[in-house]
Structure formats: C-alpha cells, structure tokens
Amino acid sequence: MAEARTRESATALGPGPAAVADAPGHPAEPASADLLPLTRLYEARNRIALTRPAHPTWMADRMAAAESRLRRAYAVDLPTAWPRLWLLLPDVPRDDLRSARAELTTAARRAAWGVLCLVLAAWWWPAAAVALVMTGSARRSGRQSVDAFAALVESAMDVYGRELARALGLSDEAEFSRATGVRITRITRKGE
C-alpha cells in the first residue's frame, strides 16, 4: 500500500531533479535538505521505470526509455541513427556495448533453459527446482544487463552525438542540441 502511494506521488512529481540535471544545457540543481524527500521519491519512481511504462515487461520499458529519453533530449530517432553512430564508436565503447549485449543474450538463454526444465518437471519433479533457480537468476541478470545496455546506448549518443553530426556533414557545433538531433533524424530517415 505504501509502495503504491510512493509510485503515485513520484509519478505526479514529473521528471525530477536528476532528469533536469541530465538534460543538455541544464545545470545540476544544488542538493538541499528540502530536496531530500523529493529525491527519495524520484529514486523510488526510477526503480520502477525511467519513463511511463508502456510495455509488458520492465526490460522492454527500460530499452524503450533509452529511445524516448534520447528523443526528448535531442530529438534523435535512435533506431535510424544508431547504425551510423555504431560505425563511429571507438573500440572501447563498442566492446562495452558488445559485452552488455552478450550478458543479455546469456540471461535470455538461461531463461529459455529454465522454461525447458519447467516442461521437464511434468515428468520429473526435481526439474521444477532447477527451473525456478534458472529463471529467477535469468530474470535478475537480465534486468541488470538490460539496464547496463540501455545506459550504454544513451551514453554513446550523449558522448558521440557530435561526431555523428560532423560525420553526416552537419556543422561543427560545440553542443549537441535538439536542432542538431532534428537534422540528424532528417538525414538518417532519408527525408521522411
């Protein structure tokens, strides 16, 4: 009951100080004792979802949150810009992204084996315990992997978005702005 009230209160609060501090061009707000209760509500809300949930699972919502947060911050269409950005990424961020994606694949594979063990449990009851452990650990590691992967995707655009703009022939702007994001989206969508 208290958690439901916290969720409702946090949702009603809006994006919160952390989101404002993350937005380009917005300085971080100084921490004060007055903001501490609000910060706790924002943290509680962010544990549930960074954006309004719209998918059947937390993991799908987290991946969609990366796209919607980048669209809101820079007006970039991530699905069309990502392949071009990937071509520009240095080896270290690429390796980090590959590693996070591999961890996600491993968790999905473990979940699939857990489901197969659950089917086997219809004939051999000890398989139910194995299925429970496998699916539980797959869920936990899957959530962690999705969160890390989505954060890395957002970070890649934050850090290398200007290089993408330059590679696409856009001006040499000091700041990656919404105007630049709109122009990147027009180019990557081929004018659509």
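Partners of T80 according to the side-chain hydrogen bond (donor to acceptor under 3.5 Å, both in side chains) rule, which considers only residues two or more places apart in sequence or in another chain, are D77, T188. Among residues two or more places apart in sequence or in another chain, the salt bridge (Lys or Arg N to Asp or Glu O under 4.0 Å) test is passed with D96 by none.
For the salt bridge (Lys or Arg N to Asp or Glu O under 4.0 Å) condition, no pair includes a residue of residues 80-92, sequence neighbours left out. Within the structure, every pair that satisfies the side chain to side chain donor-acceptor pair (under 3.5 Å) test and touches residues 151-160, not counting sequence neighbours, is listed here: R62-E154, R69-E154, Y74-D158. Each side chain to side chain donor-acceptor pair (under 3.5 Å) pair with one or both residues in residues 127-146, not counting sequence neighbours, appears once here: R110-S141.
The two residues A131 and G114 have their closest heavy-atom pair at CB-O, 3.2 Å. In terms of heavy atoms, A165 sits closest to T180 at CB-CG2, 3.6 Å. The two residues H55 and A60 have their closest heavy-atom pair at CB-CB, 3.6 Å. When every heavy atom of P93 is checked against every heavy atom of P90, the shortest pair comes out as CD-O, 3.2 Å. Between A111 and A138, the shortest heavy-atom distance links the atoms N-CB, 3.5 Å. Heavy-atom minimum distance, A128 versus A121: N-CB, 3.5 Å.
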- Message: The test is side-chain contact (heavy atoms from CB on, under 4.5 Å); show your working for L104 and R101 and say whether it passes.
- Response: CA-CA 5 Å; L104 179 58; R101 183 64 177 100; 3.8 Å; yes
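Note on W86 and F176: same hydrophobic cluster, where clusters join Ile, Leu, Val, Met, Phe, Trp and Tyr whose side-chain heavy atoms are under 4.5 Å apart, directly or indirectly. Neither V182 nor L78 shares a network with the other; the hydrophobic side chains, linked directly or stepwise wherever heavy atoms of I, L, V, M, F, W or Y lie under 4.5 Å apart, form separate groups for each. Linking Ile, Leu, Val, Met, Phe, Trp and Tyr residues whenever their side-chain heavy atoms come within less than 4.5 Å places L164 and L170 in a single cluster. Cluster membership for V159 and V76, using ILVMFWY side-chain heavy atoms within less than 4.5 angstrom, is shared.
With values rounded to the nearest 0.5 angstrom, L168 atom CG is found 13.5 Å from R186 atom CZ. Of the inter-residue distances, the one linking I184 atom CD1 with R162 atom CZ reads 11.0 Å to the nearest 0.5 angstrom. Taken to the nearest 0.5 Å, the CD1 atom of I187 stands 13.0 Å off from the CZ atom of R189.
Between W58 and D147 the shortest side-chain heavy-atom distance falls below 4.5 Å. Using a 4.5 Å heavy-atom cutoff, the side chains of M63 and E67 are not in contact.
Between the side chain of D61 and the backbone N or O of P53, no donor-acceptor pair lies under 3.5 Å.
Under a 4.5 Å side-chain heavy-atom criterion applied to ILVMFWY residues, the cluster that includes M134 comprises W113, L116, V130 as well.
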